[in-house]
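Data first, discussion second: the structure below is written as structure tokens.
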Amino acid sequence: MPELPEVEVTRRQIEKVLVGRTVRGVVTTRKSYFFITPPGELRTRLVGRRVVALNRHGKYLVAELDDGSRLLLHLGMTGQLFAAGARSPRLLSAERRATLSPEKAAAFEPDQHTHLVLSFDEPGPNLYFRDVRKFGKVAWIARGKPNGRLEKLGIDALEATGDALYDATRTRSLAIKSVLLDQGVLAGVGNIYADEALFLAGIRSKRRARTLTREECERIAVAVRKVLRRSITRGGSSIDDYVRPDGSDGGYQTECFVYGRTGEPCRTCKTPIRRIVVGQRSTHFCPECQR
DNA sequence: ACCGCACCCTGAGCGC
DNA sequence: TGCGCTCAGGGTGCGG
């Protein structure tokens, strides 16, 4: 599931494919929740536009276009943004994976889950946006127009501060993990890195937010920054669907301390990692290391 | 203001 | 073999 590190790794690779190129063709699937801007309008708005920059805000990617308008992309749960030529078993259904050995998998061909294909005037690969569950989003934003989704975001999680967390938690009685997942507080933290950061900080996921001390908030902020930076360095986590835009896997999933390690020994104290549900999200923690 | 929950969606994995 | 059920979860919006 793409969170800040996966989106940032995607941004860095897609930037090379996208910036400086002019959209020639836009192919979409039919109208759905995926398209905040309807497919027809999207086509009209994008064709002929040159991309001048690709930025990230939390888990959103924002392509800046030459007329001052913007294209907003969110990968949701299963979104995959990649360049033509990428090959990975993660880009195929299990059914198709079974019929092909990974080495023999051909370069990706658009399928029914490929909701957006951009082609360009300049030489280079097409850009694909594939999303099996369609929790992802595509929106065109007019020049100078503020966007509600972006405006609601808190500070970027790479710049998390203890003060921001302390301020955000004073009146809130819900679990600290739920606060970390609140994009209006820290933008970019999702389920994996919330669990990982709370492990590094040594704090229980269910701890009521307003009971945290200033020092504990500082520890959590440090842990958030550290785990996100580390994951970016490793290319993000390829756990279910995430692949880098060139088709390669990230490497952080092999370093996880708690996420997806239910029953396995804690890397620090060997106590089995436990799984509970916090705020309707599966949550992993070490009962010994997190107090 | 805060917080829990339903909803959007599809595929994998399970029990029968 | 195959059906139907449950689960996964980011973000939005609603109702209490």
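Here is the naming used below: chain letters follow the sequence lines, and residue numbers restart at 1 for every chain.
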| query | Starting at the 5' end of DNA chain C, what dot-bracket string do you get if Watson-Crick and G-U pairs under 3.5 Å are bracketed, crossing pairs use [ ], other-strand pairs use | and unpaired bases use dots? | reply | .|||||||||||||||
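Of the charged side-chain nitrogens involved, at least one lies within less than 4.0 Å of a carboxylate oxygen, so that A/Arg11 and A/Glu8 count as a salt-bridged pair. Salt-bridge check for A/Arg214 with A/Glu218: failed, with every basic side-chain N at 4.0 Å or more from each acidic carboxylate O.
Residue contacts shown for A/Arg130 are absent, as no nucleic acid heavy atom lies under 4.0 Å away. Within 4.0 Å (heavy atoms only), A/Gln183 reaches sugar-phosphate atoms of the nucleic acid but no base atom. Residue-level contact check: A/Ser178 touches neither bases nor backbone, having no heavy atom under 4.0 Å from any strand.
Straight-line distance from the CD1 atom of A/Ile36 to the P atom of B/dC8: 16 Å, rounded to whole Å. C/dG13 atom C1' lies 14 Å from atom CD of A/Gln280, rounded to whole Å. Atom CG of A/Leu174 is separated from atom C1' of B/dG4 by 10 Å (rounded to the nearest Å). The distance from atom NZ of A/Lys134 to atom C1' of C/dA8 is 18 Å, rounded to the nearest whole Å. A/Tyr33 places its OH atom 8 Å from the C1' atom of B/dC7, with the value rounded to the nearest Å. If you take CG of A/Leu153 and P of C/dG11, they are 8 Å apart, rounded to a whole angstrom. Spacing between atom NZ of A/Lys152 and atom P of B/dC2 amounts to 15 Å, rounded to whole angstrom units. The CG atom of A/Leu75 sits 17 Å away from the C1' atom of B/dT10 (whole-angstrom rounding).
Checked by atom type, the side-chain pair A/Asp131/A/Thr78 shows a donor-acceptor distance below 3.5 Å. Between the side chains of A/Thr211 and A/Arg207, a donor-acceptor pair is found at a separation under 3.5 Å. If you check the side chains of A/Asp163 and A/Thr161, you find no donor sitting under 3.5 Å from an acceptor.
An OP1 or OP2 oxygen of C/dG10 is reached within less than 4.0 angstrom by no side-chain nitrogen or oxygen of A/Lys137. Dashed line: the shortest gap from a side-chain N or O of A/His113 to OP1 or OP2 of B/dC9 is not under 4.0 Å. For C/dC7, the OP1/OP2 oxygens have no side-chain nitrogen or oxygen of A/Ser282 closer than 4.0 Å. An OP1 or OP2 oxygen of C/dG9 is reached within less than 4.0 angstrom by no side-chain nitrogen or oxygen of A/Thr78. Within the structure, a side-chain polar atom (N or O) of A/Tyr259 is placed less than 4.0 Å from OP1 or OP2 of C/dG9. A sub-4.0 Å separation between OP1 or OP2 of C/dG10 and a side-chain N or O of A/His74 is absent.
For A/Arg133 against C/dA8, a side-chain N or O and a base N or O form a donor-acceptor pair under 3.5 Å. For A/Arg149 and C/dG11, a side-chain-to-base donor-acceptor distance below 3.5 Å is absent, hydrogens and geometry of angles not being considered.
Candidate nucleotides B/dT10, B/dC8, C/dG11 were compared by shortest atom distance to the side chain of A/Lys59, and C/dG11 ranks first. Considering only the side chain of A/Tyr60, C/dG11 comes nearest among B/dC2, C/dG11, B/dC8. Residue A/Gln112 has its side chain nearest to B/dG11 when only B/dG11, C/dG11, B/dC2 are considered. If you check B/dC8, C/dG11, B/dC2 against the side chain of A/Phe135, the one that comes closest is B/dC8. Taking only side-chain atoms of A/Arg281, from C-beta outward, the nucleotide of C/dA8, B/dC2, C/dG9 with the closest atom is C/dG9.
A side-chain contact (heavy atoms from CB on, under 4.5 Å) with A/Lys177 holds for exactly one of A/Thr283, A/Val189, A/Ile203; it is A/Thr283. Among A/Phe257, A/Tyr252, A/Phe199, the single residue meeting the ring-ring contact (aromatic ring centres under 6.0 Å, His included) criterion with A/Tyr193 is A/Tyr252.
Both tests pass for A/Arg170 against the ring of A/Tyr166: distance under 6.0 Å to the centre and angle within 45° of the axis.
Across A/Ser178 and A/Val278, no two heavy atoms sit closer than the pair OG-CG1, 4.2 Å.
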